[in-house]
Amino acid sequence: MGAFYNLNELSELEKAGAWFVSLSGLAGGTWFIYSNPGTRLNFDKGDNLLTIQRRGLMKNEIEKYRLNNIEDVTLIESKDTDGDQVYRVELKIKYEKNVSLTKLWVHNKEGLQNIMDTIKEYLKN
């Protein structure tokens, strides 16, 4: 309860309420970090391999795909809880499921379009 100098004046119910709100914020932040891991992509033409490394709070995942099996790079659209458009980039892989490059949906369509164009140009050369 940090900088409160009048803690002795608060009732037990008020203290419990402050703890509940604080712990709720902590739990929400932890859940957000857990459900949206950081993603690192490594496109290696020498080994003909795309490595997707996802590092999160309690889990690390590594996925590997052959570059010559990537058929297309697409922009997936959805709506957030407010009804606004959100986007993420997916790869269409031959003989496999579509692969999302990130778990997080974002509003920046132009930025994702630039990323898609860069990936397509790299795969084409």
Side-chain angles (χ1 to χ4, degrees):
M1 299 289 266
F4 293 109
Y5 297 107
N6 62 340
L7 272 179
N8 58 340
E9 297 172 12
L10 295 177
S11 71
E12 294 302 317
L13 184 60
E14 290 170 326
K15 289 178 188 177
W19 275 106
F20 177 75
V21 170
S22 299
L23 292 176
S24 297
L26 181 64
T30 303
W31 173 81
F32 183 80
I33 292 169
Y34 178 78
S35 62
N36 296 294
T39 303
R40 176 182 229 163
L41 304 173
N42 184 21
F43 290 86
D44 186 355
K45 280 196 173 179
D47 291 336
N48 188 38
L49 198 63
L50 163 63
T51 304
I52 302 173
Q53 181 180 12
R54 292 189 175 94
R55 299 189 72 188
L57 188 61
M58 298 177 70
K59 60 183 175 181
N60 294 325
E61 299 173 347
I62 295 178
E63 300 175 38
K64 295 184 180 192
Y65 302 96
R66 294 275 170 219
L67 292 179
N68 58 353
N69 286 342
I70 298 174
E71 290 182 334
D72 197 12
V73 182
T74 59
L75 188 65
I76 305 300
E77 297 182 18
S78 186
K79 292 189 185 283
D80 64 7
T81 55
D82 296 330
D84 299 328
Q85 291 287 84
V86 289
Y87 310 92
R88 71 178 178 190
V89 177
E90 277 192 0
L91 299 177
K92 291 186 184 252
I93 309 285
K94 292 179 190 174
Y95 318 114
E96 296 186 44
K97 63 184 182 349
N98 291 349
V99 177
S100 179
L101 293 185
T102 64
K103 300 285 184 185
L104 192 61
W105 293 87
V106 296
H107 293 278
N108 186 3
K109 182 177 183 179
E110 294 79 23
L112 290 179
Q113 188 64 48
N114 290 340
I115 291 170
M116 285 177 41
D117 294 341
T118 303
I119 293 171
K120 286 180 181 181
E121 187 66 30
Y122 180 80
L123 293 175
K124 190 173 13 173
N125 291 333

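Quick caveat, the model's predicted, so the values are computed rather than measured.
- Rounded to the nearest 0.5 angstrom, Y87 OH and D80 CG are separated by 10.5 Å.
- Contact detail for T102 and T39: the closest heavy-atom pair is CA-OG1, 4.1 Å.
- Between Q85 and K79 the shortest side-chain heavy-atom distance falls below 4.5 Å.
- If you chain together hydrophobic residues whose side chains sit under 4.5 Å apart, V99 and V106 fall into the same group.
- Smallest separation of non-hydrogen atoms from E90 and S100: CG-CA, 3.8 Å.
- The side chain to side chain contact (heavy atoms under 4.5 Å, CB included) with L50 is formed by just one residue from the set D44, N69, I70; it is I70.
- Using modelled atom types, one finds no donor on one side chain facing an acceptor on the other under 3.5 Å when comparing N114 with E110.
- Hydrophobic clustering, with ILVMFWY side chains joined whenever heavy atoms are under 4.5 angstrom apart, groups V89 together with I52.
- Hydrophobic clustering (ILVMFWY, side-chain heavy atoms < 4.5 Å, transitive): M116 and Y122 are in one cluster.
- Rounding to the nearest 0.5 angstrom, the gap separating the CD1 atom in I93 from the CG atom in N98 is 8.0 Å.
- By the 4.5 Å heavy-atom criterion applied to side chains, R54 and N60 are not counted as neighbours.
- Summarising the local packing, NZ of K120 is surrounded by more than 12 heavy atoms from other residues, nucleotides or ligands at distances under 6.0 Å.
- In this structure, NZ on K109 lies 6.5 Å from CG on L75, to the nearest 0.5 angstrom.
- Around atom CZ of F32, no more than 12 heavy atoms belonging to other residues, nucleotides or ligands sit under 6.0 Å away.
- N48 CG to F43 CZ: the interatomic distance, rounded to the nearest 0.5 Å, is 12.0 Å.
- Y65 places none of its side-chain heavy atoms less than 4.5 Å from the side chain of L91.
- Rounded to the nearest 0.5 Å, atoms CZ (R40) and CG (L101) are 15.0 Å apart.
- To the nearest 0.5 Å, atoms NZ (K103) and CD (E61) are separated by 6.0 Å.
- K92 and T74 get closest at one heavy-atom pair: CE-CG2, 3.6 Å.
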